Structures are given as structure tokens and as C-alpha cells.
2 protein chains.
Amino acid sequence: MDDEPQARGTGRAEPNGRATVGSLARRAGVSASTVSRALRNDPRISPEVRARIAALAVEAGYTPNVLARTLVGGRSGLIGLVLGPVENPFYAELMQQAVSQAAARGWRLLLLHAGPGPIEDATAEALLQYRVDGCLITSAELSSRAAAICAANGVPVVMVNRVAREHGCAVSCDNRAAGAELARLLVAAGHRKLAVITGNAATSTSIERAESFAAQAMAAGLPAPTIITGGASHAAGYAAGQAIAALPLAERPDAVFGVSDILAMGAMDALREAGLSIPGDISIVGTDGIGPASRPPYRMTTIAQPLAAMVGRGMDLLLARIGGAVLPQEVVLLRGTLIPRHSARLPPGMVPVS
Amino acid sequence: MDDEPQARGTGRAEPNGRATVGSLARRAGVSASTVSRALRNDPRISPEVRARIAALAVEAGYTPNVLARTLVGGRSGLIGLVLGPVENPFYAELMQQAVSQAAARGWRLLLLHAGPGPIEDATAEALLQYRVDGCLITSAELSSRAAAICAANGVPVVMVNRVAREHGCAVSCDNRAAGAELARLLVAAGHRKLAVITGNAATSTSIERAESFAAQAMAAGLPAPTIITGGASHAAGYAAGQAIAALPLAERPDAVFGVSDILAMGAMDALREAGLSIPGDISIVGTDGIGPASRPPYRMTTIAQPLAAMVGRGMDLLLARIGGAVLPQEVVLLRGTLIPRHSARLPPGMVPVS
DNA sequence: TTGAAAGCGCTACCAA
DNA sequence: TTGGTAGCGCTTTCAA
């Protein structure tokens, strides 16, 4: 293990490894406790001593060893991050938010998983091994093993864009409101035959959006929307679009709701390839508000999720529980924003963005 | 710290906190040393004892505290990850590769940065504070501060998709070969007036691709390609496309090389909006091989980077240096793969994919 | 084959 | 205002 020759970098002030509280104490002629306190700006340390130690620390290139600090009983400052398939830009955008907002709070992210499917068991262990203070989950599912680990060890969990079925808090877009709003929009625009492309069957997000969309359509007196099985990828949306294009004309919907933008984009690509014009022949709407959906080929009418706010609220929930406080599990629903664009025929008077 | 009411979840075997080597030792009636050795499968421990302790560990839900293990002198098992702007799916795809390949090697990723611009100084510190064993950088630039930190502290650094200017190893696609190959392709297809949309001016990736593209074009007897200033985003490509469309007809190129797919996609969107047909009026080619570039609206002719191999080689380089071994800095160039698609008129005999 | 002791770097408690 | 001591959880000599 350690018998390899240690090539400890170039001329650091500390000849033999990095500066420590101990080495600073020796050089300053004070005790380690004093150094520790001075470095943390403990008001009990005299200004002179504090300044001297601070200068010394800078000179020596001192960096506190967070691991040791954590060992003695504090927080690790680490948040476990679990991401869904980043083929969906939604997760990539969410990740970028998470990184910057975590940094703003002095936290670091331990990237545990990214991709489809649940966390592997071995990875879930890392969450304990590194003593993460909390966990931010955005994947389709927290593996039951990981969930058990968190629950059993008091690691707070917050799911973003998902409502947890078992353990933990959640921050989510108001998916029911979103589904209903899109249905109302399509109805008002004069559409009579709706279809919905479903997402991952196991996710609350997909279910809620699809259900409320259908319920609203029926409440408006339309027949139940045709249900097309989709998935979580562009490819799944594409396949769904092909299926729609293959429908006999009498059964073809005049408006389609893809429960996520990436899905709706796939469907749009397939429908256009089949020779249909959007929104001339068929209107398409999605949800999420991802960047690519706004670009010229798509100009997707969608409900944008308030991503920054969602991540922020998620971290608030985490922070409140990291102290060890026993708080009730909380579900926060944030309202999305309708962005009317050219992918759908719009109700009279509604003007598309851009 | 520990006097707060600990909501220690459900019936963990250890009533008061997590199981430790010490607690297992007490329960097994042996010393901590023995437990430590047994858990690490030290051959000196008798099979019976080892089995007994292993069983006990499982029963108690024991997880080693990596932080403590690191403290005593070992590796942290942490790799710092620095990502560029994830608006470019290339970085998102790279991240997914990095996560799975790191996990396969028993490493975890500390996500330090994601987005445009260099790491903030405060973030760079984290890399020392958490004692990362190495660093994987894919951002436009390692801030000079972060570079200095790594160099001064013997933290191995590998840049992926970038050739480091100062410190560290690099794994990159053979960008010169890629640029030249695309130029040859366009020339062979009969194009006479080429243009190139440049990327971030500071990155080796962009410079190499653009330079070799231009050199090859001129070597084939064409005039120097028009240089259009681009950037790193779809928006930058879009602006470049608008600039091209605004050119007087006599100056308009008949083929455009965007040094990255995302850039080329933006340009294509703008050119189409300006009423030009692709590849009828203008051929467009890119580089990277990102997923969205293969979809119907784009069908981008591109050179795909061998992402998995690049990440793998990057981790190899890191691994070799993490022991502390003093190895020369190494630059690994991997060859990309041409994927001819419909965004460009192709040379006779070359058939587009899909 | 096992145990005792020391120490990694840091903070907290109790004295002074 | 400062120092001494102990201990977080683990590994690793050195002894037995």
C-alpha cells in the first residue's frame, strides 16, 4: 500500500507533507488548541495571536483537513448526489444548479450515481463510508437498499422532481397543475382528440402529469386521451411518435402531450419524418423547460420547472434536517411556468414566446 | 454536536451511533487490531475468528469510516471532477462515463465544478481539504490557482479533451487529424469555399481543430477558410450561422465546419431559419459525436470522440500517478471516428449512416 | 495468531 | 486568553 516512494510535490513550506495545526503551533510557539481556535476565528483568541497565526497559515499554505475535522464529530460537508440519465438535459441542468448552490453553502457534492436505473448497492455504501450529511436524489428510484441505508442511519434524504414513496422529503413541480394547464390550453385551442405519451411508469412525475392531463380533458367533455407508452428518452418519444403516425387517420390525435420535453422532442422528430406538420397537423406540448426544447427545430410549448428554486428548497430541507433534528417529512410543490411556443396551436389571444 | 437528539432511525444493532472497529472488538471479545485485520482479510487471522467477525459486522451493519482510514495515511479514494458547461451534452456524457468508470475502480467522484469559467478559488481548496487522490479536469481551464494547488501538493491531474498548458497529463481526441479529415471530406465532396466557426479561443481543442482544418483546405489548393468567431454554446453557433447567412452571396461559404457539434447545431438552426437548405445550399460538419447531433433535425456529419476510452485512459494515467510515483507527464491522443450523415454533401461513394 | 500502544489531524473539555 | 489532555475510528508497528 504505502511502501511506494512518496513524491510529495515541490517546495511546500512544510518539507514533510502538508502543514497541520500541530506544525503551525510549533512554528508559532503556541499550542495546537490555540491554532485551532485562531483559525476558526474564536473570539477568545487575542487579535495579535490570531493575526500571527493567520499569516503563518497563509505562508505555509495550510489547508484544514476536513476529514479529521469530520472524524472528531462534526459534519462532513458532503452531500450525496444521485442523478438520472443525463441524456435528458434536465438532469444536467439540475446538476449544474446543485453544484453552484451547494458551493454557495459551503457544501461539496459526492457524485454517487448518474444514469438510468437505481444506485448499485456498492455505491450506496459509499454514502455511509464517506459520512455524507445528506442526500439529494433525482433519479428514477432510490434503490431500496440505499433507502434502507439512509433510513437506518439517519441520513436525511430529499428527492427532487420526484415524490418519495417511502423515506424522505421531496421537492417537485406541481405536476398535476401542469398536466391540467396543458390540457386546458389544448382544449381552448380547439383540439378535440388528445393523446399523451407516458414516461417511466414507476415515477410519480409521469403518472401525475398524465393523469391530471387526462382528467382535465375529460372534465372538458372530451373523450379520454389515447395513451401511448413512452419512456424517459428521446428514443422512446420517437418510437411513440412513429406509433402515432401509424394510426389510422380517424384515430389520429390532433394534439399530443409528452410528459417530458425530451419525450415530446422525440415524438416531434418522428411525426415530422412521417410527413406531418407541427402544429399544422398535430400540436405537441411537453413539460420541463429544458434548453434544447426552446430551439428552432422544436420551439416547444411547455411548462418550465423552476429548477433553481427547486434545488434551493431541496437544500433548505436538507439543511434543516442535517442537524439531526427530527422534522416531519415534507413535500414541497412549486408551480411551473407555462411557456407558449410554436409547437402547438394556441388559444385565441395567446402569443407565443420568441 | 452529539448532544442533539439523534434520530437514529430504526433498530440498528448499535444503539448509540454506528458500529465501529472498537464496538465490534468488544462484542467479539478480541482487540481492535484483530477486527481491523479480519475485516481486511489479513491472512494472519484465523479463519474462525475472521468468519465470526465478518458475521458480526454484517449483523451490526458495520461500514468502515473511510475518513478515518484516510487520516491514518491511506488514499481517500476520492477523485475531484471538474466539468465544463453541461449545456453541451458532451460534458454530460463524459460525466456519466466518469461516474461509472470511477465506481468500477472503487473510486468516488467529488464534484468540484460544473459550468463555464474556471473553478473558483474557494472550490479549489476543497480539493485539498478532502484530500482528493487525483483530479479529472474537462473544463475550459483549470484556474491557475487550482493548478498551483495541485502542483504544489503533488495531486495528479489529468485533463480530458484538453491539452494542459502547464501541469498535468492529458487525454484528448486527435483534433488535428479530425480537422484535417473533415476538410478532406468537404473538398472531396466538391466544396470550394469553406468556413470554420471557432470555439473558445483559449482551448487547445478549438485551436487545433480549426488550424488543421484550414491547413488541409489550403493544402488542397483552396483559399483560406473564412473564420467566424463562435464560442462554446448553441447560442454562439446560432449567432455565427446568422452572420454567415448575412454574408453577400459571393462571399457565402458552401461548407461550414463548427469545431464542436453543439456549435454546428446552432449554426444549422440559424441557416435554416434564414431560408437556406442543408446540405443543399450549405454543408455543415461538426465534431464530438454527441447524441442530439444524430437526431433527425441535424443528422450531423461529425467525428465522434471515443468518450469511454478517453475517460478510461484518463483514469489509468491518474491511477499510475496516485501511488506517488514520479512519472513523466503524458499526452494521450485517441483517434476519433468519422460518422458521415446527411448534414453535408458527401464525396462520391460515401454513404451516410442511418 | 493476537494484543497493546501510538498516532493520523483536529476539536472539545477542563484547567490555569 | 491560553494550554493540556483526551478522543473521534482506523491502521500499523512492535511485542507476546
Side-chain angles (χ1 to χ4, degrees), chain A residues 1-4 6 8 12 14 16-53 57 60-77 128-131 133 153, chain B residues 1-4 6 14 16-53 57 60-77 125 128-131 153:
Chain A
M1 298 270 119
D2 277 332
D3 46 8
E4 287 152 311
Q6 283 290 331
R8 273 280 169 234
R12 226 324 105 262
E14 287 302 312
N16 191 24
R18 300 172 186 172
T20 70
V21 164
S23 72
L24 289 182
R26 240 171 290 118
R27 302 226 278 146
V30 297
S31 77
S33 324
T34 301
V35 171
S36 172
R37 288 192 272 249
L39 257 20
R40 321 200 87 214
N41 285 319
D42 189 310
R44 295 176 305 182
I45 300 297
S46 73
E48 306 86 56
V49 175
R50 214 190 303 176
R52 192 153 53 88
I53 294 179
Y62 170 78
T63 316
N65 187 327
V66 182
L67 279 45
R69 190 178 282 171
T70 302
L71 191 57
V72 62
R75 315 267 83 90
S76 67
L128 282 189
Q129 296 178 332
Y130 287 92
R131 298 296 191 266
D133 292 335
N153 292 275
Chain B
M1 296 284 106
D2 277 329
D3 48 6
E4 285 154 311
Q6 284 290 330
E14 287 301 313
N16 191 25
R18 299 173 187 172
T20 70
V21 164
S23 73
L24 288 181
R26 238 171 292 121
R27 299 228 278 145
V30 297
S31 78
S33 330
T34 301
V35 171
S36 172
R37 288 192 270 250
L39 256 21
R40 320 200 90 215
N41 284 319
D42 189 311
R44 296 176 305 184
I45 301 296
S46 72
E48 306 84 56
V49 176
R50 215 191 302 176
R52 194 153 51 88
I53 294 180
Y62 171 78
T63 315
N65 186 329
V66 182
L67 279 43
R69 188 178 285 172
T70 301
L71 191 57
V72 63
R75 315 266 83 91
S76 68
E125 305 265 295
L128 284 187
Q129 296 178 332
Y130 286 92
R131 298 296 191 264
N153 292 276

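Throughout, a chain's letter reflects where its sequence line sits, starting with A, and its residues are numbered from 1. All values derive from a computational prediction rather than experimental measurement.
Listed for the A:Ser36 side chain is no donor-acceptor partner under 3.5 Å among the backbone atoms of A:Ala32. Not a single donor-acceptor pair under 3.5 Å links the side chain of A:Thr63 to the backbone N or O of B:Gln129. The backbone N or O of A:Arg75 lies less than 3.5 Å from no partner atom in the side chain of A:Arg131, so there is not a single donor-acceptor pair. Here the side chain of B:Arg40 pairs no donor or acceptor atom with the backbone of B:Arg37 at under 3.5 angstrom.
Listed candidates were C:dG9, D:dT11, C:dT11. Nearest to the side chain of B:Arg69 is D:dT11.
The CG-P distance, from B:Leu128 to C:dC10, rounds to 12 Å in whole Å. The interatomic distance linking B:Arg40 (CZ) with D:dC10 (C1') rounds to 9 Å, in whole Å.
Remark: the A:Ser33 side chain and the C:dA12 base include a donor-acceptor N/O pair separated by less than 3.5 Å.
Taking 4.0 angstrom as the limit, A:Tyr130 places none of its side-chain polar atoms (N or O) nearer than this to OP1 or OP2 of D:dG9.
Comparing the axis of the opening five pairs of the helix from C:dT1-D:dA16 to C:dA16-D:dT1 with that of the closing five pairs yields an angle of 40°, rounded to 10°.
Across all strands, A:Ser46 comes closer than 4.0 Å only to sugar-phosphate atoms, never to a base (heavy-atom distances). Residue-level contact check: A:Arg37 touches the bases, meaning some heavy atom is under 4.0 Å from a base atom.
The residue among B:Leu71 and B:Val30 whose nearest nucleotide of DNA chain C lies closer to the 5′ end is B:Val30.
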